[in-house]
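Scroll down for the structure; my scribbles are underneath it.
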Number of protein chains: 2
Amino acid sequence: MSAEPVSRRARPAKAPLSRAVIVRTGLRVLDREGLDALTMRRVAQVLDTGAASLYVYVKNRDDLLAAMLDEALGRVRFPAEGSWQERLQVLVANSIDAMSRHEGLALVALGGIPTGLNALLVMDRMLALLKEGGLDDTTAAWAVDLLYLHITVAGAEQAAYNTKKMNAADHIAEVRKLYADLPADRYPLLTSMGDALFSAGDRDRWAIQVLVNGILNTPADR
Amino acid sequence: MSAEPVSRRARPAKAPLSRAVIVRTGLRVLDREGLDALTMRRVAQVLDTGAASLYVYVKNRDDLLAAMLDEALGRVRFPAEGSWQERLQVLVANSIDAMSRHEGLALVALGGIPTGLNALLVMDRMLALLKEGGLDDTTAAWAVDLLYLHITVAGAEQAAYNTKKMNAADHIAEVRKLYADLPADRYPLLTSMGDALFSAGDRDRWAIQVLVNGILNTPADR
DNA sequence: ACCGTCTGACGAACAGTGTTCGTCACGATC
DNA sequence: GATCGTGACGAACACTGTTCGTCAGACGGT
């Protein structure tokens, strides 16, 4: 019944497994087939091996996801020009962008102090910029916390927006109708402010500005 | 082989199934046994029925989670006293609190415009407070977006902090050591600012203040 | 050139998961 | 009293992450 063992040599030379290629393959699968398709078996299949083989280099699926997140964060570019505020805003925007390129990855970062080497590099640079802006240590530390939190959540939201949702315009129109059809006595503003609620504009850039302005005007008092 | 069918009447009168009791039972299971234990089978077991029965009232697991989230948000209290800024800050804090009471629930809200009736009520109240503060429609609309985003992510973080992590103090000490042991040339600030990074203080309240202050100082220009 | 040793690849299996289907008891309706 | 429709539910399906034991092949010492 069992076929004779196929020599590995019979197949075209196969690149050896390693943590790095597993992580990169994971990102490829995530980008092309979505988060649901990112199973250990699928990643192994792409690498032409069995799922069990991955566990030599990766502790478990969460470990793989965390490594993928840090790999993605490794591609964040650090701006070199402009005032410290401009550089901070661009750095935050770049980080959100890096996360939002991969569906669901940002969610991995939530609920855990960042420990990936590339995530920590982003944090260190943000701290440097805040110190350059003259903030005291405590405020800068709290600010980095808040900014990183915003990066993850904005990344998650953008990612959900970019991928998956077949037709964003249709979906928005649907929700808009839902808002308009709400009982006006219980939801007076949602029913009447439809135009503003769904207005276009660079909300992401605005949100970052809000954070930076707020940080500058709100010292951490303790 | 098959046992004789046990009449339902033989058992103590069983409360009839309904969407509401399923949602409430889901919350109970989530609170007492954690997110991993929140399976359709487990919820059904608590209700003394089979998993298939739940699907009459609930489209699928995500639908159940969304309903649980909105149920949790239904318990948010709307503050009645203080200036509009104070009321807004308390409302945001209360919402974060409501979400953080249930592990992992806040994550459900991410990546999707809120459509639950109670979530929309919170949004409407926030809009009312912002309009009371004299903001124009567009800024108020964008601000509500940002505030809701912060509520979800802060709720998720707090929830991860409250539950699960066996010993928070130990974990923090561990991460702190990790930061301190980083190469100082690549991570100059993380290695030197340990005291500030892990300083105590009411960061949650501070973050809300940052957002409100930032919103007041950053008009949405378009 | 041989022979152990050891690493890593991997098939099979385990214990679950969400979800669907077909059946069948029950309460209300004619 | 017969009929009907609703909802409860056992069983099954197609998956999942993870572990275990096996075993081929590379490496190092003699």
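All figures in this text were calculated on a predicted structure; none of them were measured in a lab. Below, chain A is the first sequence line, B the second, and so on; all start at residue 1.
- If you measure from atom NZ of Lys59(A) to atom C1' of dT18(D), you get 14 Å, rounded to the nearest angstrom.
- Across Leu107(A) and Ala156(A), no two heavy atoms sit closer than the pair CD2-CB, 3.9 Å.
- In terms of phosphate contacts, Tyr57(B) brings no side-chain nitrogen or oxygen within less than 4.0 Å of OP1 or OP2 of dG7(D).
- Residue Asp48(B) contributes atom CG, which lies 19 Å from atom P of dG7(D) at whole-angstrom precision.
- Between Ala140(B) and Leu127(B), the shortest heavy-atom distance links the atoms O-CD2, 3.8 Å.
- Looking only at side-chain heavy atoms (C-beta outward), Val212(B) and Val92(B) stay at 4.5 Å or farther from each other.
- The minimum heavy-atom distance between Ala196(A) and Ala141(B), with the atom names listed, is O-CB, 3.4 Å.
- Look at CG on Leu54(B): it is 20 Å from P on dT6(D), rounded to the nearest Å.
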Where do N or O atoms of nucleotides 12-17 of chain C meet protein N or O atoms at under 3.5 Å, pair by pair?
| unit_1 | atom_1 | unit_2 | atom_2 | d |
| --- | --- | --- | --- | --- |
| dA13(C) | N6 | Arg41(A) | NH2 | 3.2 |

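- Judged by distance alone, with hydrogens and angles left aside, the side-chain atoms of Glu103(B) form a donor-acceptor pair with the main-chain N or O of Leu35(B) at under 3.5 Å.
- By the 4.0 Å N-to-carboxylate-O rule, Asp63(A) lies close enough to Arg19(A) to be salt-bridged with it.
- Taking the side chain of Tyr55(A) as heavy atoms from C-beta on, and the options dT20(C), dG17(D), dA8(D), the nearest nucleotide is dG17(D).
- The side chain of Ala51(B) has dT19(C) as its nearest neighbour among dT19(C), dA8(D), dG8(C).
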